[in-house]
Amino acid sequence: MKSIIFIILVITSLSCDGQNHQFKNYVNEFKLGKLPLILNNQTSKPLFKYGNSYKQISNALVREFIDSDHKDNNLCRYDYGIRIPWTNNLIALIIQKQNYEGESVYDYDLLETVLIIYDKSGSIRSKQVLGKDNDGWLSYIKINDKNIKVKQAKLLEFDKDEMNCEIKILEYVVSSKGKIVLNKTSFIPKGKVIWDDKIHDLIIK
């Protein structure tokens with residue numbers, strides 16, 4: 001599995017006076033989507049592809065708007081994704097990140113979905129990892145204009161059509177000031193991940 005980190009970026013309206021011009025151009029590179037939005041094994045690949053391939057964000061823009069400590073190396077890359085409406089004054093950007101290293105089944109070839117909130121100038125207000133996916137993790141994320149709901153499964157066995165897992169269920173909300181808040185959480189100690197022949201991939205049962 002490709003290591004992909006999906007990053008969801010929430011930003012203020014692009015029409016505001018005095019907005020950072022470079023930031024506006026960066027945002028406009030994203031495809032337009034709509035809410036509600038579901039991210040899972042079935043939906044993610046078509047959402048992030050531009051034609052037949054992914055569209056990489058330059059290292060300079062990554063350092064400017066995503067990760068100021070990003071290095072010019074082959075350990076990871078960031079790709080453009082989806083721009084979706086959040087509220088009348090907010091826009092959500094979904095970015096894809098691919099990592100190429102790790103030491104265990106739970107961190108090697110890892111996929112994460114990260115929510116980043118910006119102000120209108122492009123400065124980050126808050127950041128939160130929403131979901132993780134690789135051979136040891138599986139996530140299901142539903143985003144709407146009221147909240148973000150996540151099912152996060154940690155696989156406890158592998159290479160079967162039906163596998164035992166632990167499931168964490170989380171609900172996030174975004175405050176009017178751009179703070180990401182964990183609103184609810186629960187835990188299922190005995191869950192199942194199964195193979196779905198329709199999508200030819202794993203799903204949380």
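Just so we're clear, the structure is a prediction, and the values are computed from it rather than from any experiment.
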Using side-chain heavy atoms (C-beta onward) and a distance below 4.5 Å, is Lys142 in contact with Leu39?
no
If you round to the nearest 0.5 Å, how far is CG of Leu111 from CG of Asp135?
11.5 Å
According to a 4.5 Å side-chain heavy-atom criterion applied to Ile, Leu, Val, Met, Phe, Trp and Tyr, with indirect links allowed, do Ile95 and Tyr50 form part of one hydrophobic cluster?
yes
Which value, rounded to the nearest 0.5 Å, describes the distance between Lys179 atom NZ and Gln128 atom CD?
9.5 Å
Test the Lys31-Tyr80 pair against the cation-pi criterion, namely NZ or CZ under 6.0 angstrom from the six-membered ring centroid and within 45° of the ring axis.
no
Backbone N/O of Arg63 and side chain of Asp67: donor-acceptor pair under 3.5 Å:
no
From Ile82 atom CD1 to Leu47 atom CG, the distance as rounded to the nearest 0.5 Å
5.0 Å
Residues in side-chain contact (heavy atoms from CB on, under 4.5 Å) with Ile169, at least two apart?
Lys151, Ile167, Ser186, Ile188
Compare every heavy atom of Asn99 with every heavy atom of Cys76, then report the nearest pair and how far apart it is.
CB-OD1, 3.0 Å
Here the gap from Ile204 atom CD1 to Ser139 atom OG, rounded to the nearest 0.5 Å, amounts to 7.0 Å
Can you name the residues that form a side-chain contact (heavy atoms from CB on, under 4.5 Å) with Arg125, not counting sequence neighbours?
Ile117, Asp119
Does Lys168 NZ have over 12 foreign heavy atoms under 6.0 Å away?
no
Residues at least two apart in sequence or cross-chain that pass side-chain contact (heavy atoms from CB on, under 4.5 Å) with Leu75, listed by chain then number, are Asn73, Glu101
Between Val150 and Tyr172, does a side-chain contact (heavy atoms from CB on, under 4.5 Å) hold up when you go through it step by step?
CA-CA 8 Å; Val150 180; Tyr172 296 92; 4.3 Å; yes
Look at the side chain of Asp196 and the backbone N and O of Leu202, then say whether any donor-acceptor pair between them is shorter than 3.5 Å.
no
Whether the side chain of Ser126 engages the backbone of Gly178 through a donor-acceptor N/O pair (distance < 3.5 Å, no angle test) should be reported.
yes
Examine the side chains of Tyr54 and Gln56 and answer whether a donor and an acceptor come within less than 3.5 Å of each other.
no
Partners meeting salt bridge (Lys or Arg N to Asp or Glu O under 4.0 Å) with Lys49 (sequence neighbours left out)
none
To the closest 0.5 Å, what do you measure between CD1 (Ile66) and CD1 (Ile124)?
8.0 Å
In the hydrophobic clustering that connects Ile, Leu, Val, Met, Phe, Trp and Tyr at side-chain heavy-atom distances below 4.5 Å, which members other than Ile203 occupy its cluster, ordered by chain and number?
Ile194, Ile199
Would you tabulate the side-chain donor-acceptor contacts of residues 154-166 under 3.5 Å, counting partners in other chains and residues two or more places apart, or write 'none'?
from, atom 1, to, atom 2, distance (Å)
Glu157, OE1, Lys160, NZ, 2.8
Glu157, OE2, Asn164, N, 2.8
Glu157, OE2, Asn164, ND2, 3.1
Asn164, OD1, Lys192, NZ, 2.6

Go through the structure and list residues passing side-chain hydrogen bond (donor to acceptor under 3.5 Å, both in side chains) with Asn59, not counting sequence neighbours.
His70, Asp72
Donor-acceptor contact below 3.5 Å, side chain Thr43 vs main chain Asn40:
yes
Which other residues end up in the same hydrophobic cluster as Val181, if Ile, Leu, Val, Met, Phe, Trp and Tyr are linked when side-chain heavy atoms come under 4.5 Å apart?
Val173
Apply side-chain contact (heavy atoms from CB on, under 4.5 Å) to Ser104 and list each qualifying residue two or more places apart in sequence or on a separate chain.
Tyr106, Asp107
Measure across Asn144 and Pro36 and return the closest heavy-atom pair with its distance rounded to 0.1 Å.
CB-CB, 4.3 Å
Closest heavy-atom contact between Phe30 and Ile94?
CE2-O, 3.6 Å
Mark yes or no for whether Asn134, through its side chain, and Tyr108, through its backbone, hold a donor-acceptor pair below 3.5 Å.
yes
Does anything in residues 34-43 form a salt bridge (charged side-chain N to carboxylate O under 4.0 Å, His left out)? List the pairs, not counting sequence neighbours.
none
Quick one about Asn25 and His21 (side-chain donor to acceptor, distance below 3.5 Å, no hydrogens or angles considered), yes or no?
yes
Is Ile143 reachable from Leu182 through a run of I, L, V, M, F, W or Y residues, each pair having side-chain heavy atoms under 4.5 Å apart?
yes
Under a 4.5 Å side-chain heavy-atom rule over Ile, Leu, Val, Met, Phe, Trp and Tyr, are Leu35 and Ile141 clustered together?
yes
Audit row: Gln152, Leu130, side-chain contact (heavy atoms from CB on, under 4.5 Å) steps and yes/no:
CA-CA 9 Å; Gln152 180 68 68; Leu130 297 178; over 6 Å; no
Does a side-chain heavy-atom distance below 4.5 Å link Gln96 with Tyr78?
no
Between Glu171 and Asn147 (side chain of the first, backbone of the second, donor and acceptor by atom type, cut-off under 3.5 Å), is there such a pair?
no
Do the side chains of Trp195 and His200 get nearer than 4.5 Å, heavy atoms only?
yes
Sequence neighbours excluded, which residues qualify as salt bridge (Lys or Arg N to Asp or Glu O under 4.0 Å) partners of Lys127?
none
Under the side-chain hydrogen bond (donor to acceptor under 3.5 Å, both in side chains) test, which residues partner Lys184, sequence neighbours left out?
none
Could Asp79 and Arg77 be called an ion pair, given the rule that one side-chain N must be under 4.0 Å from one carboxylate O?
yes
